[in-house]
Amino acid sequence: MSEKEVRVRFAPSPTGYQHIGGARTAIYNWLFARRYGGKFLLRIEDTDRNRYVPESLEDILESMRWLGIDWDEGPEVGGSCGPYFQSERLELYQKYATQLVAEGKAYYCYCTSERLDELRKDQEANKEQVGYDRHCLNLTASELQELEASGAKKVVRFKIPREGRTVVCDQLRGELVFENKTLDDLVLLKSDGFPTYHLANIVDDHLMGITHVMRGEEWLPSTPRHVLLYQAFGWEPPEFAHLPLFLAPGGGKLSKRHGATSVREYREKCYLPEAVFNFLLLLGWNPGTDQELFTKEEALKIFGMERINASPVAFSVEKLDWFNGVYIRSLDATTLAKRALPYLIGAGLMEEHYSAAEFAYLESLIPLVRERLKSLPEIVEWTSFFLQEQLIPPAKEILIPRKMDQSQTLQVLEGACEALNEVSEDFLEAEVEAALRGLAIKLEMQDGQVFMPLRVAISGRTATPGIFETMRAIGKKRVLERIANAAQVLRD
RNA sequence: GGUCCUAUCGUCUAGAGGCCUAGGACACCGCCCUCUCACGGCGGAGACACGGGUUCGAAUCCCGUUAGGACUACCA
């Protein structure tokens with residue numbers, strides 16, 4: 001690692017919701033900066049006016065905040081290398097483009113998009129290499145004058161040497177050699193005065209002192225041109241690392257039909273940001289040990305480029321679900337109760353303005369349901385029968401277990417009413433357990449045969465936390481009511 | 001078509017010439033725990049894309065093939 005301060009950036013374009021792949025790029029850059037005590041900048045590359053989506057800026061920032069990624073320079077926080085919106089740096093790009101033209105390293109091109117389209121079509125038809133033919137480089141002085149006088153639109157093109165080769169040093173792949181003749185003269189400045197990615201990116205990375213560029217692999221093919229641009233300006237290029245792309249589960253490009261592609265969707269699906277962060281961290285990087293669970297603090301101590309893989313990764317949501325469950329289980333009762341609140345309020349199980357006693361009750365339920373949650377919204381179905389005052393009596397079909405008949409079931413319910421009535425008002429687990437196990441012995445039934453109808457009677461479900469603690473939490477009064485109601489269903 | 005990248009269980013991966021009868025995690029299956037569902041524990045099935053080299057020895061190095069993917073815009 002070089003001796004100068006590490007400065008890295010995440011440079012999204014505000015063209016839509018923050019993509020999940022971009023989020024990983026942001027995480028890697030952030031971690032790298034934090035690991036080496038450097039700076040992490042956020043730069044908004046809004047140079048395409050056609051694709052600009054105003055809401056996406058807020059979505060990008062919100063996605064970063066949600067994942068817990070803060071930036072040292074950029075929107076909202078400023079910094080000494082600003083502005084951090086490329087649309088506010090236009091003169092800069094124009095200045096550098098003009099400079100290259102003056103030095104003969106770039107030239108004006110007046111070709112219309114129609115001509116360019118036709119050129120490309122012809123090249124494809126003739127199976128030639130596709131690329132700009134330098135038509136405008138060979139314009140005579142009078143032709144040039146005429147075009148200028150006519151007010152024809154022009155762009156600035158970078159004049160790439162036809163000879164030689166350019167070596168790109170990629171931190172993950174080593175030295176990559178490109179023949180310059182396979183590179184055509186790319187546009188640096190568009191006819192509307194806005195720069196292309198290539199110009200703006202290089203100028204800004206240089207001016208902002210970026211030392212390491214970690215970006216998606218889709219940029220690899222244009223990196224030799226970027227290197228050539230650095231050379232043309234006489235600037236030292238940063239280190240490059242091109243991160244492998246995310247693939248859809250079956251291979252192929254990750255798209256909508258394979259599930260969520262934006263950070264926002266995962267947020268809306270109520271994934272814990274810690275889980276998404278951890279999941280993304282391990283998609284393309286590994287610590288070299290068997291450790292898989294990482295807090296940000298742990299990760300930023302050991303993250304480095306050395307252990308980033310170069311091969312593409314299939315994005316499969318199953319492991320994310322596992323991480324999510326792990327992180328939910330790791331939350332303490334108070335935190336989990338707080339995070340569950342919005343869902344319970346949404347489901348009408350809690351009031352917007354709940355009392356301390358109500359919250360305390362919810363908190364007391366958490367140990368019963370925590371192990372069973374894979375996602376936050378599931379809290380609703382696992383706690384509804386605790387939080388509801390009344391329970392709609394379950395239907396016969398669900399009340400009567402397989403391998404039992406109606407009269408046996410009724411026998412259990414009636415017996416339980418009697419036995420539980422004897423238990424103290426505290427309804428302690430041990431007391432409830434003694435009563436119910438005693439009932440099983442008395443009825444000469446298996447414990448399960450007694451417990452299952454009761455479980456359904458008090459919860460309406462066949463899967464609940466342990467029956468004793470569930471009864472305890474529901475309380476004697478409601479338990480007896482529900483069992484009596486269920487028994488009535490069987491008698492009707 | 002051209003240029004480039006990549007290639008270990010279904011998926012994420014360990015592996016940087018002998019420690020590999022290829023290790024871990026998710027998912028899957030079985031058993032245990034057990035009042036159900038989970039959690040947890042134990043076990044199982046499951047991979048070096050193919051073909052040539054180099055070497056005493058290759059998942060590991062080289063070449064080719066194949067397969068995925070990216071780029072090939074006045075989009076990023």
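Letters go in sequence order (proteins before strands), and every chain restarts at 1. Basis for what follows: all heavy atoms, side chains included, without hydrogens, waters or symmetry-related copies. Computed from a predicted model, the values in this text were never measured in an experiment.
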Taking a pair as Watson-Crick or G-U wobble with both distances under 3.5 Å, which nucleotide is matched to [N]?
| N | result |
| --- | --- |
| B/U34 | none |
| B/G64 | B/C50 |
| B/G43 | B/C29 |

**OP:** Sorted by first residue and then second, give each salt bridge (charged side-chain N to carboxylate O under 4.0 Å, His left out) pair with at least one member in residues 242-251 of chain A; sequence neighbours left out.
**Re:**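 Matches after skipping sequence neighbours: none remain.
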Look for any protein N or O under 3.5 Å of an N or O in nucleotides 38-48 of chain B and output each such pair with its distance, or none.
{"unit_1": "B/A38", "atom_1": "O2'", "unit_2": "A/E371", "atom_2": "O", "d": "2.4"}
{"unit_1": "B/C39", "atom_1": "O2'", "unit_2": "A/E371", "atom_2": "OE1", "d": "2.8"}

Subject >> Donor-acceptor pair between A/D48 and A/Y197 side chains, under 3.5 angstrom >> reply: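 Note: A/D48 and A/Y197 side chains miss the donor-acceptor criterion.
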**OP:** Using only heavy-atom distances, determine whether the side chains of A/S375 and A/N324 contain a donor-acceptor pair under 3.5 Å.
**Re:**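 On atom types as modelled, these side chains do not qualify, holding no pair under 3.5 Å.
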Pairwise [atom1] distance for [N] and [M], with rounding to whole Å:
| N | M | atom1 | result |
| --- | --- | --- | --- |
| B/A59 | B/C9 | C1' | 13 Å |
| B/G46 | B/C26 | C1' | 13 Å |
| B/A49 | B/U13 | P | 15 Å |

Subject >> Given RNA chain B, 5'-ward residue of the pair A/D447 and A/D290, judged by closest heavy atom >> reply: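 The residue whose closest nucleotide sits nearer the 5' end is A/D290.
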I'd like a table of atom pairs between the protein and nucleotides 15-17 of chain B - only N or O on both sides, under 3.5 Å - with the distance next to each one.
{"unit_1": "B/G15", "atom_1": "OP1", "unit_2": "A/R307", "atom_2": "NH1", "d": "3.4"}
{"unit_1": "B/G15", "atom_1": "OP1", "unit_2": "A/R307", "atom_2": "NH2", "d": "3.1"}

